[in-house]
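Per chain, numbering begins at 1; letters A, B, ... match sequence-line order.
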Protein chains: 2
Amino acid sequence: MRLLPHPSTENIQLTEVLRALSDPVRLEIVIRLAAAGEMTCTVAGDDLGVHKSTASHHYRTLREAGVVLTKQEGRLKYMSLRRDDLESRFPGLLDAVLTAALPLPAGAHA
Amino acid sequence: MRLLPHPSTENIQLTEVLRALSDPVRLEIVIRLAAAGEMTCTVAGDDLGVHKSTASHHYRTLREAGVVLTKQEGRLKYMSLRRDDLESRFPGLLDAVLTAALPLPAGAHA
DNA sequence: CCTATAGTTGGATAGTTGTCAAACAATAAA
DNA sequence: TTTATTGTTTGACAACTATCCAACTATAGG
């Protein structure tokens, strides 16, 4: 099992995180990771409407911004949200973005 | 007093807000507005290290993203954060960004 | 070894962005 | 009316971005 290069928690920059999340394709990937937890690039990038190489660039952007953690096992690469790291660095930020991005669950009352 | 064109609250888009906030110069402007409330463009843009025309473009970006409200009085333009609009549209988002962007106040205990 | 799978890399391209400089517009004040 | 102030617009330009396609790498399985 190999870990790809990532920024350390204290080196995650706010503007880079915001920028990473500001692209609709990347935001969708983050939403999927939030809902399903760890998943391979293929699954995360399924039906995104972009070429696989484009998706690959987005994976890298998310990883380099410190939003996701990527580890390789065999020929698969697993991505997951760095929830704890982001929460400790920027409390409430990821939750606020996910709340804003997700449709309100059915049955939720205002 | 004239109001410049702004997106309505329900038309504020998450990705556009995130993108607007992802530039260091614009984030600094937002931080100043959060600290001092309404202020003129000149004051908001003082010592940003960019040309005034560059700052002007950033004002427009913030306005068009729905982050700030701009009204003209005489030859001055006053900008203010659309805190309530952003809070109702994306609860907790602006606060999380400001908390992340601001240095911890002296005397605050972890 | 051969083939399929998973994902990255590099090239090309079209569009966007941040920046400055210079000119402009609009209001206020002398 | 003339001048100063406030901010925008336009043009230019370099840098960056999102995208696709084709080629590539690496691992797994026959």
S.K.: Would you say Y78(B) and I31(B) are hydrophobically clustered, going by side-chain heavy atoms of ILVMFWY under 4.5 Å?
M.R.: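 The answer is no; the residues belong to distinct hydrophobic clusters.
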S.K.: Is there a side-chain contact between T9(A) and D84(A) in this structure, where contact means two heavy atoms from C-beta onward sitting under 4.5 Å apart?
M.R.: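 They are not in side-chain contact.
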S.K.: Hey, which of L81(B), V67(B), V17(B) is the one that makes side-chain contact (heavy atoms from CB on, under 4.5 Å) with L94(B)?
M.R.: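 Result: among L81(B), V67(B), V17(B), L81(B) is the only option passing the side-chain contact (heavy atoms from CB on, under 4.5 Å) with L94(B).
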S.K.: Take atom OH of Y78(B) and atom P of dT27(C), then tell me their distance rounded to the nearest Å.
M.R.: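 Going from Y78(B) (OH) to dT27(C) (P), I get 15 Å.
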S.K.: Rounded to the nearest Å, what distance is computed from the CZ atom of residue R60(B) to the P atom of nucleotide dT10(D)?
M.R.: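 Distance, rounded to whole Å: 9 Å.
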S.K.: In whole Å, I'd like the distance from the CG atom of L48(B) to the C1' atom of dC20(C).
M.R.: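 One finds 15 Å between C1' of dC20(C) and CG of L48(B), rounded.
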S.K.: Expressed in angstrom and rounded to an integer, what is the separation of E73(A) atom CD from dT27(D) atom P?
M.R.: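 Spelled out: CD on E73(A) to P on dT27(D) is 13 Å.
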S.K.: Across nucleotides 14-19 of chain C, 5' to 3', mark each nucleotide with B, S or - according to how protein heavy atoms within less than 4.0 Å reach it.
M.R.: ---SSB
S.K.: Should K52(A) be listed as having a side-chain N or O under 4.0 Å from OP1 or OP2 of dC21(D)?
M.R.: no
S.K.: To the nearest Å, give me how far apart NZ (K77(B)) and P (dT5(D)) are.
M.R.: 19 Å
S.K.: Measuring only between side-chain heavy atoms, which start at C-beta, is L4(B) closer than 4.5 Å to K77(B)?
M.R.: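 Result yes, sub-4.5 Å side-chain heavy-atom pair found.
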S.K.: Expressed in angstrom and rounded to an integer, what is the separation of E64(B) atom CD from dT9(D) atom C1'?
M.R.: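 Distance, rounded to whole Å: 13 Å.
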S.K.: How many Å lie between CG on D46(A) and P on dA6(C), as a whole number?
M.R.: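 Taking CG of D46(A) and P of dA6(C), I get 11 Å after rounding.
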S.K.: Hey, are R83(B) and E87(B) close enough for a salt bridge, meaning a charged N less than 4.0 Å from a carboxylate O?
M.R.: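 Looking at E87(B) together with R83(B), the answer is no, because their closest N to O distance does not fall below 4.0 Å.
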S.K.: Heavy atoms from C-beta onward define the side chain here; which of dT9(D), dA28(D), dT6(D) lies closest to that of R75(A)?
M.R.: dA28(D)
S.K.: Rounded off to whole Å, could you give me the CG-to-P distance for the L76(B) and dA26(C) pair?
M.R.: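 Result: 16 Å.
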S.K.: Using the side-chain hydrogen bond (donor to acceptor under 3.5 Å, both in side chains) criterion, which residues pair with N11(A)? Sequence neighbours excluded.
M.R.: S8(A)
